[in-house]
Amino acid sequence: MMKKNFNLLLLISFLVAGCNSGLSSDNKNTYAIIPAPVSLKQMNGSFTFSQKSRIILSAINDETKLAADYLALLVKNPTGLSIPVEEGRKSISQSVFMSLDPSIVNVEGYVLKITPEIIDIKANSAIGLFYAVQTIRQLLPVDVENGKIIEGLILSVPACEIRDEPAFVYRGMHLDVGRHMFPVADIKRYIDMISLHKMNTFHWHLTEDQGWRIEIKKYPKLTKIGGFRKETLIGSGNEKPQVFDGKPYGGFYTQEEVKDIVAYARSKFITIIPEIEMPGHSTAALASYPEFSCTGGPIEVATKWGIFPDVYCAGKEATFKFLEDVLSEVIDLFPGKYIHIGGDECPKDRWKKCLDCQNRIKKEGLKDEKELQSYFISRIEKFLISKNRKLIGWDEILEGGLAPEATVMSWRGVEGGIEAAKQKHNVIMSPYNDVYLYIYQCEPEGQPLAASGYLPLEKVYSFNPVPEKLNADEQKYILGLEGCLWSEFVDSPQLLEYMVYPRMFAIAETGWTPASQKDFKSFLSRLEIVKKRYDAIGINYFKGEYRNTRAIKN
Ligand code: ACM
Ligand code: ZN
């Protein structure tokens with residue numbers, strides 16, 4: 001469990017100075033919203049929640065009720081007030097009225113009007129209602145985040161009119177739990193922060209060379225053997241000789257835990273995309289079941305970082321049966337339409353020497369091992385499509401030809417994304433140099449070990465996922481962007497937060513706010529205010545230099 005980094009001084013100053021108004025002194029700029037809304041008209045006065053308040057839905061169903069219940073909880077947490085959620089018409093003053101309105105075209109868009117009498121929310125769908133509530137959360141006093149009832153708190157939000165919708169349909173955050181894993185509570189906290197900033201996807205990287213982290217009932221050795229490594233490299237890997245800590249490391253998420261996390265994500269309107277890596281980055285799986293490798297093993301779970309030679313054998317039919325069985329269990333756990341199958345960094349050395357792989361190349365009339373990789377991915381795609389799912393892979397799946405309906409996640413730069421968009425394939429931009437949050441976020445001196453490079457907040461903020469090289473038709477294939485956190489050097493939830501925040505908020509703003517309205521100065525000034533909220537939540541965000549000082553020096 002994370003200890004709350006609760007700011008006692010903040011509470012004392014609130015109790016002394018802020019009780020009468022119900023607002024602490026940290027609520028001066030009451031319109032600090034990240035991501036910035038498309039349009040915000042500030043107005044006079046404020047709406048105050050009271051015992052008379054109701055949340056009235058024009059139509060109650062499971063989804064709209066999630067949005068309404070979430071608002072009720074935001075009010076209840078700091079006040080103890082239980083606001084009823086009812087179906088009905090807009091009539092009662094001092095209430096929140098939520099309705100679905102098809103004239104709002106964007107599925108995730110909403111219109112939020114706050115007056116002293118009423119809060120009126122309209123949206124195309126429940127997710128838009130929920131995003132309006134997330135905006136309300138950012139307008140509420142930071143005291144709501146302290147996780148306890150504050151006697152005498154007057155819960156007000158400033159009057160305004162907001163019209164809002166996202167720039168991109170895909171706004172995601174990735175998390176690698178293969179190198180290091182994080183407790184269920186911290187995964188939920190990560191999902192909370194994704195959703196607070198109106199991102200809609202959590203990409204959960206569940207299998208790696210160094211650890212297999214999801215229980216698969218049919219293949220228990222995946223977690224029994226593949227979930228554990230005998231020790232872990234100390235340092236970046238460049239040290240000579242390499243030094244290891246000598247301590248076993250491991251664990252995995254049970255299917256019950258996965259179900260719990262999926263349900264939690266759904267309550268926050270987050271879709272989870274599970275990633276099961278293939279054909280490369282599969283050392284842990286092959287340590288468990290070496291019969292699906294080219295050599296037959298023995299193979300050990302990796303203890304250091306990098307790219308490893310043992311990959312799934314593309315020649316053996318048994319490999320595909322195994323992967324289809326694994327994917328079937330994964331599909332049953334994750335209801336979203338996408339399954340990520342990795343596809344990156346697959347060395348071809350074993351395939352070149354393997355009789356089975358070479359026979360496959362001959363039998364299928366393939367030119368080389370690159371086409372064998374394409375065969376592998378296309379075959380898995382066929383299986384996913386048969387289960388009504390879609391495949392995503394890293395940009396190496398372009399090698400040897402893209403699977404017919406694959407979506408490409410462009411990580412080595414934007415070039416893979418450009419190539420895929422030109423081939424009329426959907427693209428998610430996650431370029432290493434712009435959104436890989438395991439890279440140093442300031443000058444490395446005095447910082448915890450991180451991946452080499454320099455990626456300050458300002459640089460993350462300046463990333464535009466739509467390359468100018470694409471024409472207007474091709475640009476339509478860019479679904480959005482995703483920030484990635486690889487966990488080689490991130491071995492605790494506290495360090496996770498330090499690396500991710502506030503850079504994730506910049507990614508959220510790029511995903512939501514129109515590029516023409518993005519403004520780093522405005523973002524920074526809102527961030528200074530919003531930080532009080534993160535302090536109250538207890539987020540261990542990075543507090544150093546946010547500007548790109550190397551660019552300033554040049
Ligand atoms: C990756 O960073 N290898 C996708
Ligand atoms: Zn083989």
Side-chain angles (χ1 to χ4, degrees), residues 172-179 203-210 273 275-283 285-286 289-297 299 302 305-320 322-323 340-364 366 368-369 371-373 375-377 379 392-399 407-417 420 427-439 450-453 455 481-490:
M173 279 301 296
H174 149 286
L175 181 63
D176 167 19
V177 294
R179 278 62 179 250
H203 168 185
W204 199 3
H205 184 88
L206 284 160
T207 70
E208 257 307 335
D209 297 301
Q210 298 81 7
I273 297 180
E275 181 177 351
I276 305 297
E277 274 267 21
M278 63 189 79
H281 286 295
S282 47
T283 310
L286 296 174
Y289 294 95
E291 57 267 42
F292 306 128
S293 70
C294 290
T295 64
I299 294 165
W305 323 128
I307 297 174
F308 297 86
D310 286 301
V311 302
Y312 289 115
C313 177
K316 296 187 179 98
E317 276 305 295
T319 305
F320 290 97
F322 163 76
L323 288 171
H340 201 307
I341 54 74
D344 58 317
E345 299 181 317
C346 176
K348 310 294 189 293
D349 312 331
R350 294 284 192 257
W351 288 359
K352 282 185 181 150
K353 291 191 182 136
C354 171
L355 262 182
D356 290 321
C357 286
Q358 292 306 313
N359 279 340
R360 175 81 71 192
I361 287 177
K362 274 197 213 105
K363 191 170 147 235
E364 298 292 334
L366 306 172
D368 55 17
E369 288 72 23
E371 287 200 357
L372 184 57
Q373 153 132 345
Y375 165 86
F376 195 114
I377 305 293
R379 190 165 161 174
I392 302 188
W394 299 106
D395 57 60
E396 287 93 330
I397 66 169
L398 280 149
E399 283 173 11
T407 295
V408 170
M409 195 164 266
S410 189
W411 75 276
R412 291 178 292 180
V414 294
E415 290 71 24
V427 171
I428 295 150
M429 288 295 191
S430 305
Y432 183 96
N433 285 326
D434 300 282
V435 293
Y436 265 37
L437 304 185
Y438 80 151
I439 295 175
S452 63
L455 186 53
L481 79 166
E482 178 172 290
C484 295
L485 188 75
W486 298 96
S487 60
E488 284 92 333
F489 311 120
V490 180

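Note that ligands are numbered from 1 as they come in the structure, with each ligand's atoms numbered from 1 the same way.
Taking the six-membered ring for Trp and thresholds of 30 and 60 degrees, H174 and H205 have ring planes inclined between 30 and 60 degrees apart.
Around the Zn ion (ligand 2), the protein atoms of type N, O or S found under 2.8 Å away are C294 SG, C313 SG, C354 SG, C357 SG, listed by chain and number.
You'll find the side chain of F376 stays beyond 4.5 Å of the side chain of C346, heavy atoms only. A 4.5 Å side-chain heavy-atom check between E488 and D176 finds at least one atom pair inside the cut-off.
Residues passing the side-chain contact (heavy atoms from CB on, under 4.5 Å) test with D349 are P347, sequence neighbours excluded.
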Ignoring hydrogens and angles, write down the donor-acceptor pairs under 3.5 Å from the side chains of residues 429-437, residues two or more places apart or on other chains.
{"unit_1": "S430", "atom_1": "OG", "unit_2": "E482", "atom_2": "O", "d": "3.3"}
{"unit_1": "Y436", "atom_1": "OH", "unit_2": "W486", "atom_2": "NE1", "d": "3.4"}

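Checking W411 against E396 by side-chain atom types alone, a donor-acceptor pair falls below 3.5 Å.
Sorted by chain and number, the heavy-atom contacts of ligand 1 below 4.0 Å come from D344, E345, W394, W411, Y436, W486.
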Test side-chain hydrogen bond (donor to acceptor under 3.5 Å, both in side chains) on E275 and W394; report intermediate values, then the result. CA-CA 11 Å; E275 181 177 351; W394 299 106; 2.9 Å; yes
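No close placement of the W204 and H340 rings is indicated, their centers lying 6.0 Å or farther apart.
Using a cutoff of 4.0 Å between basic side-chain nitrogens and carboxylate oxygens, R379 and E317 are scored as salt-bridged.
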